[in-house]
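Beneath this line is the structure, given in structure tokens, with notes to follow.
The shown structure was predicted, so the numbers you read here are calculated from the model rather than taken from an experiment.
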Amino acid sequence: MKKPVIGISGSIIIDGSGNFPGYRRSYVNEDYVKSVIKNGGIPYIIPMNSSEEVVREQIQNVDGLILSGGHDVTPRFYNQEPHKNLGGILPERDVFDFNLVKFAIEKNIPILGICRGFQILNVYFGGTLYQDINLKEKTFIKHNQVNFPYLTTHSVDIIENTKLKELFNEESIMVNSFHHQIIDKVAEEFVTSAISKDGVVEAIENPNYKYMLGVQWHPEMLHSTEEKMNLLFSELINSTY
């Protein structure tokens, strides 16, 4: 049986050294690729571009979609002015990711959003973000561990009667953390499926779609050290059949 092809949203990195300073390169972190392969899929990096026609055809060639991490989501896409603590943005990538989501839904293929990808799903469907975690009161957990991506550093509680609960079958799991933006208003189409001890939304899912789930942490970085994190990828792949 043919293995499912899983598209991974690509980004742009600006070369800051060597012979080509300022040169734009299409890329995605290798852990996404390894996670798809480990769980039985064929990974394809989807290069970022501004053509809806091209993005539509890119989606026609994949069976599932991973929205990868990266830049802060541009606040104008959820009707806010930029806060002084906003990090680096790439509006053209936001538009690219929104088009990926639009055409993936048209094709009815499963979607997994990771970190920025989790936030993109929420914003696409009308949710909002805190542009910096310090704008939310009573947060106290360190949500950006800075180093050691293969290390889990804080717990999240999994909500009952959700897909995430069905997958992990645990009340709480340990995760890694590399973000400073967090969800404020959860989009109406989604339910919260995990939350940290300081009230930060850590996972959302669309109960009316075959598989549309977003997590704030980076399971791809944990695929070799935390075996249960592979459940997110294996379920994405299984949902393509």
Side-chain angles (χ1 to χ4, degrees), residues 29 31-32 34-36 38-39 66-70 72-73 85 87 110-123 127-187 189-207 211-239:
N29 290 336
D31 276 330
Y32 291 102
K34 289 183 175 180
S35 297
V36 170
K38 179 172 182 175
N39 290 283
I66 295 173
L67 296 167
S68 63
D72 283 3
V73 181
N85 292 339
I111 303 171
L112 173 62
I114 294 175
C115 197
R116 167 196 158 82
F118 152 86
Q119 297 169 1
I120 281 286
L121 282 174
N122 189 57
V123 172
T128 62
L129 306 177
Y130 286 105
Q131 294 183 46
D132 185 79
I133 191 170
N134 293 316
L135 298 173
K136 177 177 169 58
E137 294 183 355
K138 299 181 180 179
T139 56
F140 58 84
I141 289 173
K142 186 178 178 64
H143 285 271
N144 189 340
Q145 65 194 59
V146 184
N147 302 117
F148 309 110
Y150 308 122
L151 178 70
T152 57
T153 59
H154 76 81
S155 64
V156 301
D157 295 329
I158 300 179
I159 308 301
E160 294 289 338
N161 302 314
T162 61
K163 182 68 173 180
L164 199 66
K165 177 68 173 181
E166 178 186 328
L167 285 176
F168 284 93
N169 194 29
E170 296 185 44
E171 293 184 358
S172 179
I173 59 172
M174 294 294 294
V175 301
N176 55 4
S177 205
F178 296 94
H179 64 101
H180 84 107
Q181 291 196 317
I182 59 175
I183 283 183
D184 180 7
K185 174 191 171 186
V186 175
E189 286 81 358
F190 288 87
V191 297
T192 299
S193 48
I195 193 166
S196 64
K197 291 291 195 295
D198 59 351
V200 170
V201 175
E202 294 280 351
I204 59 173
E205 57 189 64
N206 186 336
Y211 185 81
M212 185 183 293
L213 195 150
V215 297
Q216 182 63 83
W217 66 91
H218 281 271
E220 82 286 357
M221 293 177 174
L222 301 172
H223 77 275
S224 62
T225 57
E226 300 288 332
E227 189 60 35
K228 60 180 170 286
M229 292 299 170
N230 289 288
L231 294 168
L232 293 165
F233 300 99
S234 61
E235 185 65 18
L236 173 76
I237 291 164
N238 290 337
S239 296

field: Heavy atoms from other residues, nucleotides or ligands near CG of Asn147 exceed 12 (cutoff 6.0 Å)
entry: yes

Phe140 atom CZ: more than 12 heavy-atom contacts under 6.0 Å: yes

Please report the shortest heavy-atom distance between [X] and [Y], naming the atom on each side.
{"X": "Met212", "Y": "Phe190", "result": "SD-CZ, 3.5 Å"}
{"X": "Leu231", "Y": "Leu167", "result": "CD1-O, 3.3 Å"}
{"X": "Pro149", "Y": "Phe178", "result": "CA-CZ, 3.5 Å"}
{"X": "Gly127", "Y": "Ala187", "result": "N-CB, 3.7 Å"}
{"X": "Ala194", "Y": "Val156", "result": "CB-CG2, 4.3 Å"}
{"X": "Asp72", "Y": "Arg116", "result": "O-NH1, 3.6 Å"}

message: If you apply the rule side-chain contact (heavy atoms from CB on, under 4.5 Å), what do you find for Asn122 with Ile204, and how did you get there?
response: CA-CA 8 Å; Asn122 189 57; Ile204 59 173; 4.0 Å; yes

To the nearest 0.5 Å, tell me how far [X] [atom1] sits from [Y] [atom2].
{"X": "Ile195", "Y": "Ile158", "atom1": "CD1", "atom2": "CD1", "result": "12.5 Å"}
{"X": "His154", "Y": "Ser177", "atom1": "NE2", "atom2": "OG", "result": "3.5 Å"}
{"X": "Ser193", "Y": "Ile159", "atom1": "OG", "atom2": "CD1", "result": "7.5 Å"}
{"X": "Met174", "Y": "Thr152", "atom1": "CE", "atom2": "OG1", "result": "4.5 Å"}
{"X": "Leu121", "Y": "Leu112", "atom1": "CG", "atom2": "CG", "result": "8.5 Å"}
{"X": "His179", "Y": "Asn144", "atom1": "NE2", "atom2": "CG", "result": "8.0 Å"}

Would you say that [X] contacts [Y] through its side chain, given a criterion of any heavy-atom pair below 4.5 Å between the two side chains?
{"X": "Phe148", "Y": "Thr153", "answer": "no"}
{"X": "Pro219", "Y": "Ile114", "answer": "yes"}
{"X": "Gln216", "Y": "Cys115", "answer": "yes"}
{"X": "His223", "Y": "Tyr150", "answer": "no"}
{"X": "Phe118", "Y": "Ile183", "answer": "yes"}
{"X": "Trp217", "Y": "Ile173", "answer": "yes"}

- request: Show the numbers, then the answer: is there a side-chain contact (heavy atoms from CB on, under 4.5 Å) between Ile182 and His143?
  value: CA-CA 10 Å; Ile182 59 175; His143 285 271; 5.6 Å; no

When you measure from the side chain of [X] to the backbone of [Y], do you find a donor-acceptor pair of N or O atoms at a distance under 3.5 Å?
{"X": "Gln119", "Y": "Val73", "answer": "no"}
{"X": "Gln145", "Y": "Leu151", "answer": "yes"}
{"X": "Tyr211", "Y": "Lys163", "answer": "no"}
{"X": "Lys165", "Y": "Glu170", "answer": "yes"}
{"X": "Glu205", "Y": "Thr162", "answer": "no"}
{"X": "Glu220", "Y": "Asp31", "answer": "no"}
{"X": "Asn176", "Y": "His218", "answer": "yes"}

field: Residues Glu202, Lys197: salt bridge by 4.0 Å N-O rule
entry: no

NZ/NE/NH1/NH2 to OD/OE distance under 4.0 Å, Lys138 and Asp198: no

- request: Go through the steps for Ile133 and Gln181 under the test side-chain contact (heavy atoms from CB on, under 4.5 Å), then give the verdict.
  value: CA-CA 6 Å; Ile133 191 170; Gln181 291 196 317; over 6 Å; no

message: Test side-chain contact (heavy atoms from CB on, under 4.5 Å) on Tyr130 and His180; report intermediate values, then the result.
response: CA-CA 9 Å; Tyr130 286 105; His180 84 107; over 6 Å; no

message: Do Asn134 and Asp132 pair up side chain to side chain, a donor and an acceptor below 3.5 Å, judged on atom types alone?
response: yes

- request: Could you check Asn39, Val215, Ile237 and say which one makes a side-chain contact (heavy atoms from CB on, under 4.5 Å) with Leu232?
  value: Val215

